[in-house]
Amino acid sequence: MRLAIIGHGRMGQAIETLARERGHTIGLVVSGGDNREGQALAPGQLAGIDVALEFTRPDAALGNLERLIGAGIPTVTGTTGWFDKLPEIERLVRERGGALLYAPNFSVGVQLFLRAAEDLARRLAGRPGFEASIVEQHHAGKRDAPSGTALRLRDGVRKVDPAREFPISSVRSGTIPGTHSLLFESPAETIRLEHVALGREAFAAGALSAAEWLPGHQGLFSFEEMLFGRER
Ligand SMILES: NC(=O)c1ccc[n+]([C@@H]2O[C@H](COP(=O)([O-])OP(=O)(O)OC[C@H]3O[C@@H](n4cnc5c(N)ncnc54)[C@H](OP(=O)(O)O)[C@@H]3O)[C@@H](O)[C@H]2O)c1
């Protein structure tokens, strides 16, 4: 496939490396400096692109997605910190008959961790004596906090145990690729469920699988829906 990589930072570069290894062609690479007014995403620039992968920053994602969907390009986005605007984008995708797949986290391991977390929270619902909390740790350059994955984790566990708050603590330090922990602590014991990303390879692999899956589909999809279907 001929891919456009929108955002050529840590994630864009990891995706580019893996895409070349998998035999894809990189037809376009766009960084912030190339795209001040969205000029790098004019329809002419996107001619011949099969799928775009958008990993930029919270304040750039919406404009980029509007342009990509407007130009009819199936798009995978992993940018976090803009999901409150998802209904607007969903409307546009519907109007244009486009295709967009999004995820706060493209690691399959994280998607399984989220399901295990909900199962644990369900089993502990109504049991007094445990304090529940979420801790997420990322590198110092991450712009949004809490992470999109921590917010998704909290939504999931609160759905099965609305009586608990699940407060989130965020750590920004060094080069940590991404660690998420769900804790239930009592004076006598701690239950800790944790996902540790060791690099960006798992995110890049999931995003590329999504890019390979998306053409031929129409509508708004989450990575979870791609992996597990629409039933939860
Ligand atoms: N879903 C997942 O699995 C996952 C995993 C990791 C990270 N993320 C998210 O992905 C996003 C990117 O993360 P990262 O670590 O790669 O960040 P990063 O290293 O800071 O890279 C961001 C890139 O976006 C570019 N950019 C900024 N504004 C742009 C615009 N308007 N148009 C095109 N490119 C633009 C930047 O270019 P300049 O440097 O020239 O400004 C830079 O190349 C973040 O939101 C992060 O939270 C998601």
Side-chain angles (χ1 to χ4, degrees), residues 3-19 26 28-42 45-46 49 52-71 73 75-86 89 100-114 136-153 168 170-180 195-211 214 221-227:
L3 307 178
I5 296 190
I6 316 304
H8 201 226
R10 285 166 280 243
M11 276 306 299
Q13 291 171 38
I15 289 168
E16 182 182 6
T17 301
L18 191 64
I26 309 300
L28 180 68
V29 174
V30 175
S31 285
D34 314 330
N35 194 30
R36 295 252 177 266
E37 309 294 327
Q39 68 270 32
L41 303 181
Q45 316 272 80
L46 295 164
I49 295 296
L53 293 112
E54 202 272 353
F55 283 74
T56 60
R57 40 189 286 170
D59 55 354
L62 194 64
N64 286 340
L65 296 178
E66 284 170 352
R67 287 185 176 83
L68 290 161
I69 292 158
I73 305 292
T75 299
V76 171
T77 181
T79 307
T80 52
W82 66 275
F83 292 127
D84 54 325
K85 302 285 190 325
L86 207 51
I89 282 291
L100 177 71
L101 192 150
Y102 70 96
N105 199 307
F106 275 103
S107 146
V108 174
V110 159
Q111 296 303 330
L112 295 170
F113 160 81
L114 291 171
E136 59 99 346
Q137 303 172 58
H138 283 87
H139 56 90
K142 184 166 172 65
R143 288 169 196 274
D144 53 321
S147 69
T149 305
L151 293 170
R152 165 64 188 81
L153 171 59
I168 302 174
S170 299
V171 174
R172 295 288 172 268
S173 175
T175 58
I176 304 167
T179 298
H180 292 89
H195 180 275
V196 182
L198 302 179
R200 293 184 173 77
E201 292 80 4
F203 309 136
L208 261 183
S209 306
L214 191 58
F221 303 93
S222 67
F223 186 48
E224 287 176 74
E225 286 166 353
M226 179 193 124
L227 291 175

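Atoms within a ligand are numbered from 1 in the order they appear, just like the ligands themselves. Note that the coordinates shown come from a computational prediction; the quantities given were computed from them, not determined experimentally.
Under a 4.0 Å criterion applied to the non-hydrogen atoms of T80, ligand 1 contributes the atoms 45 (O), 46 (C), 47 (O). For ligand 1 and H8, the ligand atoms under 4.0 Å from any heavy atom of the residue are 23 (C), 43 (O). Distances below 4.0 Å separate heavy atoms of T79 from the following atoms of ligand 1: 10 (O), 45 (O). Ligand-side atoms of ligand 1 in range of A60: 28 (N), 29 (C), 30 (C), 31 (N), range being under 4.0 angstrom from any heavy atom. Applying the 4.0 Å criterion to heavy atoms of M11 picks out, from ligand 1, the atoms 5 (C), 6 (C), 7 (C), 14 (P), 16 (O). Below 4.0 Å from some heavy atom of R57 lie the following atoms of ligand 1, by number and element: 27 (C), 28 (N). Listed by number with element, the atoms of ligand 1 under 4.0 Å from a non-hydrogen atom of K142 are 47 (O). Each of the following atoms of ligand 1 lies closer than 4.0 Å to a heavy atom of G33: 40 (O).
Neither the backbone nor the side chain of R36 comes within contact range of ligand 1; no heavy atom lies under 4.0 Å. The proximity of A103 to ligand 1, defined as any non-hydrogen pair under 4.0 Å, is limited to the backbone. Neither the backbone nor the side chain of D34 has any atom closer than 4.0 Å to an atom of ligand 1 (non-hydrogen atoms only).
Atom CE of residue M226 and atom OH of residue Y102 lie 14.0 Å apart, to the nearest 0.5 angstrom. In this structure, I89 CD1 and L100 CG are separated by 7.0 Å, a value rounded to the nearest 0.5 Å. Distance check: H8 NE2 to I26 CD1 gives 8.0 Å after rounding to the nearest 0.5 Å. Between I15 atom CD1 and F106 atom CZ the span is 8.0 Å, to the nearest 0.5 Å. Taken from OG1 in T75 to CD1 in I6, the straight-line distance is 8.0 Å, to the nearest 0.5 Å. Rounding to the nearest 0.5 Å places CD1 of I69 at 11.5 Å from CG of L41.
When atom types are taken as modelled, the side chain of E66 and the backbone of G63 share no donor-acceptor pair closer than 3.5 angstrom. Between the side chain of T79 and the main chain of T56, a donor-acceptor pair closer than 3.5 Å is present. Under a 3.5 Å cut-off, the side chain of E224 and the backbone N or O of S222 do not form any donor-acceptor pair.
Taking only non-hydrogen atoms, the option from F55, F223, Y102 nearest to atom 4 (C) of ligand 1 is F55. Selection from T77, V29, N35, D59 by nearest heavy atom to atom 33 (C) of ligand 1 gives N35. Across A61, G63, G78, G12, heavy-atom proximity to atom 9 (C) of ligand 1 is greatest for G78.
In summary, of the residues considered (L28, V29, I49, L208), a side chain to side chain contact (heavy atoms under 4.5 Å, CB included) with L3 occurs for L208 alone.
Side chains of S147 and H180: a donor on one and an acceptor on the other come within 3.5 Å.
The protein heavy atom nearest to atom 41 (O) of ligand 1 is G32 CA, 3.7 Å. Closest protein heavy atom to atom 3 (O) of ligand 1: F106 N, 2.8 Å. Scanning all protein heavy atoms for the shortest distance to atom 24 (O) of ligand 1 gives T56 CA, 3.4 Å. Atom 19 (O) of ligand 1 has as its closest protein heavy atom R10 N, 2.9 Å. Remark: minimum distance from atom 42 (C) of ligand 1 to any protein heavy atom is reached at G9 N, 3.8 Å.
A heavy-atom distance below 4.5 Å is found between the side chains of L151 and I168. V108 places a side-chain heavy atom less than 4.5 Å from the side chain of F223.
Taking the centre of each ring, F203 and F55 stay at or above the 6.0 Å mark.
Looking at P58 next to ligand 1, no N or O pair under 3.5 Å apart turns up. Any N or O atom pair closer than 3.5 Å counts here, and F203 shares no such pair with ligand 1. Residue contacts with ligand 1: R200 is placed with no nitrogen or oxygen under 3.5 Å of a nitrogen or oxygen of the ligand (distance criterion only).
Heavy-atom distances between P104 and ligand 1 reach below 4.0 Å in at least one pair.
Inside a 4.0 Å radius of atom 39 (O) of ligand 1 there is not any protein heavy atom.
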